[in-house]
Undergrad: 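Encoded as structure tokens, here's the structure I'll be asking about.
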Amino acid sequence: MGSLSAPTSRASKMLSSRGQTAREDGSKGIIWDVISNLWHPETNPDGYVSVGVAENILLHDYLVDYLHANLKLPTRYLTYNDGGTGSGELKGAVSHFLNRHLKPFRPIEPSHVVMTNGCSSAVEQLSWAFTEPGEGILLGRPYYGTFITDISLRPGAEVVPVEFDGVDPLGAGAVARYEKALVDFEANTGKRVRAVMLCHPHNPLGRCYPRSVLIELMKFCQARQLHLISDEIYALSTWENKVDPDNSATKFESVLSIDTANVIDPDLVHVLWGMSKDFGANGLRVGTIISQSNPDLQMALKATSLYSYVSGLSDQITAAILRDDAFTDKYIQLNREGLSNAHEYMARVLQKFNIEYLRGCNAGFFLWINLGKKYLEANPENEGVHLDLTATIMQKLLEKKVFLANGTGFGSEKPGWFRVVFAHPIPYLEEAMRRILAAILPENYSAEALCSSLHETTLNASG
């Protein structure tokens with residue numbers, strides 16, 4: 001199921017080429033159809049169960065209770081206040097909070113901070129500022145799918161996917177793959193690559209880049225004079241893996257914690273963070289760009305800040321939250337515990353039904369799972385048949401009214417992989433898994449046995 005693609009009309013022909021590209025992209029999306037028709041066991045039993053959107057709802061009630069008790073809105077927040085890059089109060093609160101948790105080598109100052117209405121706006125602003133149309137930004141596969149439109153739709157930059165072909169995308173061998181992608185792109189297009197885009201912790205792989213790899217990527221960027229953009233929006237959503245712990249799993253360390261001396265020019269380093277993930281508040285639309293040594297970029301972003309202005313209400317709410325150390329420390333602790341428990345449930349279900357997934361993750365709120373392998377095992381008549389495996393499974397999932405992130409849209413190098421988000425209460429995850437399994441298992445599979453197995457797993461996880 002997707003949004004209906006309207007036939008080409010005189011009106012659409014009157015759009016600019018940019019407008020027509022956006023129209024095509026808009027006609028293909030299904031996410032808004034899904035989230036406007038979400039399942040509820042009582043009020044909307046025929047709606048979609050969504051485990052495909054990176055939202056963390058585990059502590060929504062806890063956060064809202066805090067806001068109801070503490071929100072006070074001064075009248076200046078009904079004005080333009082301090083301008084489009086964020087209020088002084090918010091920049092100060094962000095600096096205070098991130099200095100405590102990211103442990104930067106050079107303390108973050110309010111003057112280093114530019115606020116945006118979400119991290120998508122932050123990525124788009126940097127793509128626009130760093131590239132001419134047609135120039136490239138390197139992005140390793142698999143990647144967060146919305147990076148593609150953030151980087152390219154309006155700025156006109158080209159995403160240059162980096163293929164790893166079996167090399168660990170977060171390992172020491174990855175840097176050579178970035179080099180190859182750059183050389184190939186510049187040779188084939190005659191255009192320059194201008195930046196490397198990282199998601200750290202990684203979405204969708206749920207892991208963190210080792211400090212040594214970050215330093216090697218910095219050295220690569222220095223040699224090629226590339227900007228390094230590190231999206232650290234999941235920085236505090238790290239947790240204990242109780243199912244398949246990897247003793248060698250990397251703990252999160254911010255790019256800002258690294259001394260850039262003799263490694264990279266500091267004006268090439270930029271970090272993003274926001275309220276959407278670590279605080280489960282996508283709807284606040286609050287993101288931040290931290291660039292400590294590039295005043296020219298700061299001035300350019302000031303000129304365009306009107307188009308990514310954080311609302312006064314979100315500005316004030318966020319400043320109040322981030323200044324309250326006792327609340328944020330407790331929130332982060334509870335969030336990590338909730339993510340650990342939800343991951344445990346989901347991982348145990350996947351193991352019970354012998355569904356392959358990337359093990360050893362410890363960050364974010366998603367699992368990278370291989371439904372293609374399970375689907376072909378359960379439906380052997382399709383083995384060897386020429387089909388778009390990922391698209392076939394996606395269609396079956398939508399028929400069962402369950403939404404996952406399609407691996408093709410996330411740059412998966414192999415078919416059949418999907419991203420599933422587990423930052424939901426366990427009853428919701430149980431319903432999601434029931435529908436996922438119903439989509440990929442044979443039709444004669446016993447629904448009663450399936451539900452019994454899921455209940456057993458739920459009890460084990462909660463016990």
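Note that the coordinates shown come from a computational prediction; the quantities given were computed from them, not determined experimentally. Counting from 1, the numbers follow the sequence of the chain as shown. All values below were derived from every heavy atom in this structure, side-chain atoms included, with hydrogens, water molecules and symmetry-related copies excluded.
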Undergrad: Is the number of heavy atoms from other residues, nucleotides or ligands within 6.0 Å of CD (E109) greater than 12?
TA: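 For E109, atom CD is crowded (more than 12 foreign heavy atoms under 6.0 Å).
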Undergrad: With a 3.5 Å cut-off and no angle check, do the side chains of S87 and R76 form a donor-acceptor pair?
TA: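 R76 and S87 do not have a side-chain donor-acceptor pair below 3.5 Å.
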Undergrad: Might you point out which heavy atoms bring S276 and I233 nearest each other, and give the distance in Å?
TA: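 Residues S276 and I233, closest heavy atoms: CB-CD1, 4.1 Å.
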Undergrad: Apply the test side chain to side chain donor-acceptor pair (under 3.5 Å) to residues Q125 and T116: give CA-CA distance (whole Å), side-chain angles for both, the deciding distance (0.1 Å), then the verdict.
TA: CA-CA 9 Å; Q125 288 273 36; T116 61; over 6 Å; no
Undergrad: For W39 and F403, what are the C-alpha separation, side-chain angles and deciding distance, and is it a side chain to side chain contact (heavy atoms under 4.5 Å, CB included)?
TA: CA-CA 11 Å; W39 171 79; F403 176 68; over 6 Å; no
Undergrad: Determine, step by step, whether E216 and K219 satisfy the salt bridge (charged side-chain N to carboxylate O under 4.0 Å, His left out) criterion, reporting the C-alpha distance in whole Å, the side-chain angles of both residues, the deciding distance to 0.1 Å, and the verdict.
TA: CA-CA 5 Å; E216 289 306 308; K219 291 178 178 178; 3.7 Å; yes
Undergrad: Search all heavy atoms of L268 against all heavy atoms of C221 and return the closest pair with its distance.
TA: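 It is CD1-O, 4.3 Å.
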Undergrad: Which heavy atom of F185 sits nearest a heavy atom of R192, and at what distance?
TA: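 Here F185 and R192 meet closest at CE2-O, 3.9 Å.
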Undergrad: Report the C-alpha separation of I440 and I393 in whole Å, then their side-chain angles, then the decisive distance to 0.1 Å, and conclude whether the side chain to side chain contact (heavy atoms under 4.5 Å, CB included) test is met.
TA: CA-CA 7 Å; I440 63 176; I393 295 171; 4.1 Å; yes
Undergrad: Between Y234 and F366, what is the ring plane arrangement, given parallel below 30°, perpendicular above 60°, and tilted in between?
TA: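 Judged by the thresholds at 30° and 60°, the geometry between Y234 and F366 is perpendicular.
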Undergrad: Looking just at side-chain N and O atoms, do N241 and R359 make a donor-acceptor pair shorter than 3.5 Å?
TA: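 Checked: N241/R359 side chains show no N/O donor-acceptor pair below 3.5 Å.
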Undergrad: Between D231 (side chain) and M197 (backbone), is there a donor-acceptor pair under 3.5 Å?
TA: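 A pair under 3.5 Å: no.
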Undergrad: I need the minimum non-hydrogen distance between L322 and H96, along with the two atoms involved.
TA: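 For L322 versus H96, the nearest heavy atoms are O-CD2, 3.6 Å.
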Undergrad: Within a strict 4.5 Å, meaning less than it, do heavy atoms of the L126 and I137 side chains meet?
TA: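 When only atoms from C-beta onward are counted, I137 and L126 do not touch, as no gap falls below 4.5 Å.
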Undergrad: Run the side chain to side chain contact (heavy atoms under 4.5 Å, CB included) test on M115 and T85 for me, step by step, so that the C-alpha distance in whole Å, both residues' side-chain angles and the decisive distance to 0.1 Å come before the verdict.
TA: CA-CA 5 Å; M115 303 306 303; T85 63; 5.8 Å; no
Undergrad: Once you measure the plane-to-plane angle for W239 and H343, does it fall in the parallel (<30°), tilted (30-60°) or perpendicular (>60°) bin?
TA: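 It falls in the tilted class, 30° to 60°.
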Undergrad: Report the relative orientation of the aromatic rings in Y178 and F220; use parallel for angles under 30°, tilted for 30 to 60°, perpendicular for over 60°.
TA: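 Geometry flag for F220 against Y178: tilted rings.
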Undergrad: Can you name the closest pair of heavy atoms from T328 and I321 and give their distance?
TA: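 The answer is CG2-O, 3.1 Å.
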Undergrad: With a 4.5 Å limit on heavy-atom distance, are the side chains of Q222 and D265 in contact?
TA: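 In contact.
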Undergrad: Over all heavy atoms of both residues, which pair between S95 and K91 is shortest? Give the atoms and the distance, please.
TA: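 Answer, listing the atom of S95 first, then K91: OG-O, 2.8 Å.
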Undergrad: Answer whether the closest heavy-atom distance between the side chains of Q292 and I108 falls below 4.5 Å.
TA: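 With C-beta onward as the side chain, the pair touches.
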Undergrad: Under a 3.5 Å threshold, yes or no: a donor from one side chain and an acceptor from the other, between R106 and T260?
TA: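 The criterion, which ignores hydrogens and geometry beyond distance, is not satisfied for T260 and R106.
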Undergrad: May I ask you to test the V193-E186 pair for a side-chain heavy-atom distance under 4.5 Å?
TA: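 In short, these two side chains touch, coming nearer than 4.5 Å.
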Undergrad: Does either side chain, that of D324 or that of Y66, offer a donor lying less than 3.5 Å from an acceptor on the other one?
TA: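 Looking only at side-chain atoms, Y66 and D324 do form a donor-acceptor pair, the distance falling under 3.5 Å.
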Undergrad: Counting C-beta onward and ignoring hydrogens, is there a side-chain heavy-atom pair between H112 and L256 closer than 4.5 Å?
TA: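 No, every pair of side-chain atoms sits at 4.5 Å or beyond.
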Undergrad: Mind running side chain to side chain contact (heavy atoms under 4.5 Å, CB included) on F422 and V51 for me, showing each step along the way?
TA: CA-CA 7 Å; F422 57 76; V51 284; over 6 Å; no
Undergrad: Parallel, tilted or perpendicular: which one describes the rings of W368 and W417, with boundaries at 30° and 60°?
TA: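 Judged by the thresholds at 30° and 60°, the geometry between W368 and W417 is parallel.
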Undergrad: Examine W273 together with F97 and report whether their ring centres are nearer than 6.0 Å.
TA: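 When the ring centroids of W273 and F97 are compared, they turn out to be within the sub-6.0 Å range.
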Undergrad: Given the rule in the side chain to side chain donor-acceptor pair (under 3.5 Å) test, do N81 and D315 qualify, once you have shown the distances and angles that lead to the verdict?
TA: CA-CA 10 Å; N81 204 346; D315 186 307; 5.1 Å; no
Undergrad: Just by distance, no angles: are the side chains of S311 and S314 close enough, under 3.5 Å, to form a donor-acceptor pair?
TA: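 Note: S311 and S314 side chains meet the donor-acceptor criterion.
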Undergrad: In terms of ring plane angle, is the pair F147 and Y144 parallel, tilted or perpendicular, where the classes change at 30° and 60°?
TA: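 Perpendicular, since the angle between the ring planes exceeds 60°.
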Undergrad: Run the side chain to side chain donor-acceptor pair (under 3.5 Å) test on D278 and S237 for me, step by step, so that the C-alpha distance in whole Å, both residues' side-chain angles and the decisive distance to 0.1 Å come before the verdict.
TA: CA-CA 6 Å; D278 288 338; S237 297; 2.6 Å; yes
